[in-house]
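Below you'll find the structure, written out as structure tokens, and then a few comments.
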Amino acid sequence: MPSTDPSLQQADEALAHWQAEREQVDKAQRAADQGLAELAAPMRERLLAEVALLPALPGVYRFFDARDQLLYVGKAKLLKRRVSSYFQRDHAGTRTGMMVARIARLETTVVRTEAEALLLENTLIKTLQPRFNILFRDDKSYPYLRFSAHAFPRVVYFRGSVDRQGRYFGPYPNGGAVRQTIELLQRVFQLRTCEDAVFSHRSRPCLLHQIKRCSAPCVNAISAEDYANDLRSAEAFLRGQADGVLRELQERMAAHAEQLAYEQAALVRDQIAALSAVLQQQAVEASSTSSVEADADIVAVLVKGGRACVNLAMVRGGRHLGDRALFPSQVQETLALAHAEETAEDAVENPGGEKDGESHAHRQVLDAFLAQHYLEAAVPAQIIVSHAPSAEWEPLLSEQAGRKVVLQPAPRGARRIWLDMAVQGAELALQRLLADEGSKAARTAALAEVLGLELEDLSRLSIECFDISHTAGEATVASCVVYREHDMQSAQYRRYNIEGITPGDDYAAMRDVLSRRYGKLAENAELAWPDVVLIDGGKGQVSVAREVFEGLGADLSRLVGVEKGEGRKVGLEELVFADGRAKLSLPATSAALMLVAQIRDEAHRFAITGMRVRRAKARMQGSRLEDIAGIGPRKRAALLQRFGGVRGVQAASVEELCSVKGVSRELAQIIYRSFR
């Protein structure tokens with residue numbers, strides 16, 4: 001029996017209307033899914049046909065998506081078996097399934113051996129940086145210690161390609177290890193460190209000689225023969241032959257004493273004492289090791305919390321030089337694919353190998369590090385590893401080095417101590433990284449909550465912040481910094497030189513940079529807008545930004561100004577919203593405010609740096625103003641402020657120059673002619 005209550009009848013009608021709309025939406029969604037499936041079916045059939053034609057030979061395969069973006073690069077002992085494994089298994093609900101669903105085409109390259117496949121795979125990964133491969137983005141080259149090619153060689157810190165003349169020792173894990181070693185060589189062997197130009201023009205010893213850190217070959221305070229002996233001893237020490245160096249020094253001291261050259265004997269005695277003290281200070285020392293075995297790298301791998309750490313420690317000449325922690329990216333994606341690749345082919349390639357997920361994950365990270373670090377760098381005779389790598393690495397690295405290279409996963413003695421230290425270092429570094437990322441994620445979540453943003457993946461929260469910097473209107477520069485994945489993305493920063501505005505007009509500068517930054521986004525619907533756009537400024541700057549966004553048809557809710565609080569004190573900033581929401585004041589201890597302040601300060605720093613560089617260039621170019629008679633510091637500053645820099649002065653007419661206070665028509669004509 002139908003209800004007679006009007007309110008209930010309205011509710012029933014609303015419910016029926018909602019159900020009808022829901023059915024229409026579901027129907028449209030099913031039609032869309034069916035259309036996508038119809039489009040995907042021919043593509044999948046084409047891929048399977050291509051896979052069926054692949055040879056049973058070693059090679060490298062590459063997966064691309066519909067936009068022709070590279071997804072993954074892999075190697076295989078048997079191309080057909082490896083590639084077909086992606087399409088013969090059900091990967092639904094996994095990261096592998098996400099990647100396989102995006103594959104639109106594939107490319108393969110057949111090579112002669114699996115070693116060649118490994119080399120090609122590494123080259124493609126480093127150059128193309130696929131989305132689903134482990135990447136070690138370590139842009140810093142490793143430093144070396146270099147003895148120059150000179151009659152009296154100098155010891156120097158060196159970073160770069162080791163193709164210049166001289167003798168090199170290293171590489172070292174960081175610059176501090178090199179500088180510490182140079183200081184040690186100065187203290188023990190008193191080798192020179194000065195530039196050749198300084199060396200050639202010295203007339204008296206420098207301070208380093210007075211404090212017994214240099215033997216002063218520049219003024220012939222030491223003979224060429226004795227300096228060469230010290231140099232040989234230093235090189236032998238760096239190669240780990242400390243005992244031999246001590247014996248040689250003792251023999252030299254005895255020889256000087258027999259010849260009654262007591263001053264020279266005393267100098268050698270001091271060298272022996274200094275070297276003995278250094279050897280006693282070494283925390284880790286490899287005794288009774290040959291010169292070849294004294295060089296080793298220790299590689300400790302740790303995978304935890306979805307992140308990985310590779311701690312690389314270096315031992316050169318039996319001395320532990322320190323370590324460097326590396327954090328590869330895209331670990332989860334690659335490890336998911338690696339598990340998916342454990343098919344029957346892997347059982348053939350690695351019979352009896354470990355199959356637990358943890359060991360497999362560590363091996364994948366270790367293999368990626370060995371490929372991206374050693375295949376284009378010097379390889380020591382021994383690499384001590386925390387986990388067993390793939391079987392092909394030892395012969396491949398030996399071939400690369402031109403000598404026997406040993407990969408040792410279970411060392412003993414002193415090498416076990418080295419490995420334990422490296423593992424402990426990896427644990428500490430990864431703990432710090434995870435703690436830091438946890439705090440960063442918490443700050444991102446706090447800011448998203450404050451701004452009312454609802455995001456499933458907070459790491460995708462994208463924030464761009466703008467600031468304007470100039471000096472009294474001169475050299476105006478706008479900065480744009482980017483925050484994404486819980487961190488500042490310096491590679492995506494941009495600077496904009498602002499021209500064609502009234503000098504000192506910050507509003508016009510902000511209008512210009514926002515129009516240039518987002519004009520292209522408004523024209524191209526495929527380009528993604530940031531979730532939040534921060535403006536360093538209050539109501540005035542936000543009003544200008546709102547005008548730009550309204551003209552572009554952009555969402556005003558993403559636009560937020562950072563206004564300085566009472567007394568312009570740090571920690572009292574307020575958020576100004578362009579969409580009409582009330583101004584928001586956050587407590588000084590707010591994690592969201594801390595993140596906003598960090599992003600704003602970075603935009604400010606980046607803008608000031610660019611402005612100073614531009615101003616310096618302009619003033620260097622503007623030295624001709626200083627050369628013009630009648631223009632002093634005040635008139636020069638007034639001209640630069642009035643026209644926004646030297647280019648503005650150069651483009652100004654005589655009448656415009658006369659408008660500047662203190663500039664007569666005669667002087668204006670002189671200025672005008674000087675730039676023509």
Side-chain angles (χ1 to χ4, degrees), residues 432-469 478-490 492-493 506-507 509-511 513-514 517-518 528-550 554-608:
R432 287 193 297 266
L433 176 69
L434 293 175
D436 186 42
E437 289 184 343
S439 62
K440 290 180 179 179
R443 289 191 300 169
T444 303
L447 180 58
E449 182 179 359
V450 165
L451 298 179
L453 300 175
E454 297 181 1
L455 299 174
E456 294 182 1
D457 185 1
L458 285 176
S459 66
R460 300 299 180 185
L461 175 64
S462 175
I463 302 175
E464 295 186 358
C465 183
F466 294 84
D467 189 25
I468 308 296
S469 181
S479 69
C480 173
V481 300
V482 179
Y483 179 88
R484 188 178 290 114
E485 296 180 358
H486 307 305
D487 206 353
M488 305 303 301
Q489 305 296 323
S490 59
Q492 301 177 30
Y493 290 5
D506 288 354
Y507 294 165
M510 185 63 69
R511 181 179 293 106
V513 65
L514 291 177
R517 179 71 174 179
Y518 297 121
W529 284 73
D531 299 301
V532 180
V533 176
L534 293 179
I535 305 296
D536 185 17
K539 293 182 178 179
Q541 285 85 350
V542 172
S543 297
V544 171
R546 183 173 60 243
E547 294 176 4
V548 175
F549 272 45
E550 288 175 344
D555 183 8
L556 295 181
S557 64
R558 70 178 80 243
L559 192 58
V560 181
V562 185
E563 185 178 53
K564 293 181 174 62
E566 182 180 354
R568 302 174 67 86
K569 293 182 179 179
V570 177
L572 298 178
E573 292 87 352
E574 297 177 326
L575 301 183
V576 180
F577 299 95
D579 59 358
R581 282 178 285 175
K583 185 184 299 185
L584 180 62
S585 298
L586 298 174
T589 57
S590 168
L593 182 60
M594 292 179 184
L595 178 55
V596 169
Q598 175 194 349
I599 299 172
R600 188 272 319 273
D601 292 344
E602 180 66 0
H604 189 57
R605 179 201 65 79
F606 194 59
I608 288 179

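- Taking CG of Leu514 as the start and CD1 of Ile535 as the end, the distance is 4.5 Å to the nearest 0.5 Å.
- Judged by distance alone, with hydrogens and angles left aside, the side-chain atoms of Ser462 form no donor-acceptor pair with the main-chain N or O of Arg484 at under 3.5 Å.
- Looking at heavy atoms from C-beta onward, Tyr483 lies out of side-chain contact with Val532 at the 4.5 angstrom threshold.
- In this structure the side chain of Val544 never reaches within 4.5 angstrom of the side chain of Asp506, judged on heavy atoms.
- Residues Lys564 and Glu574 fail the side-chain proximity criterion, which asks for heavy atoms closer than 4.5 Å.
- For the atom pair Leu447 CG and Leu534 CG, the distance stands at 7.5 Å (nearest 0.5 Å).
- Sparse packing is recorded around CD of Glu449, with 12 or fewer heavy atoms of other residues, nucleotides or ligands lying under 6.0 Å away.
- The residues Asp601 and Arg605 are annotated as not salt-bridged, no charged nitrogen and carboxylate oxygen being separated by less than 4.0 angstrom.
- At a threshold of 4.5 Å between non-hydrogen side-chain atoms, the residues Arg546 and Leu556 count as touching.
- Using a 4.5 Å cut-off on side-chain heavy atoms (C-beta onward), Asp579 and Leu559 make no contact.
- Proximity of a side-chain donor or acceptor of Arg511 to a complementary backbone N or O of Val548 within less than 3.5 Å is not detected.
- In this structure, CZ on Arg517 lies 5.5 Å from CZ on Phe466, to the nearest 0.5 angstrom.
- Partners of Ser557 according to the side-chain hydrogen bond (donor to acceptor under 3.5 Å, both in side chains) rule, which considers only residues two or more places apart in sequence or in another chain, are Asp555.
- Between the side chains of Tyr518 and Glu464, at least one donor-acceptor pair of N or O atoms lies under 3.5 Å.
- With sequence neighbours excluded, no residue satisfies side-chain hydrogen bond (donor to acceptor under 3.5 Å, both in side chains) with Ser543.
- Distance CG/Asp467 to OG/Ser469: 6.5 Å, rounded to 0.5 Å.
- Summarising the geometry, atom CZ belonging to Arg600 is positioned 8.5 Å from atom CG belonging to Leu593; distances are rounded to the nearest 0.5 Å.
- Note that CG of Leu458 and CG of Asp531 are 10.0 Å apart. Values are rounded to the nearest 0.5 Å.
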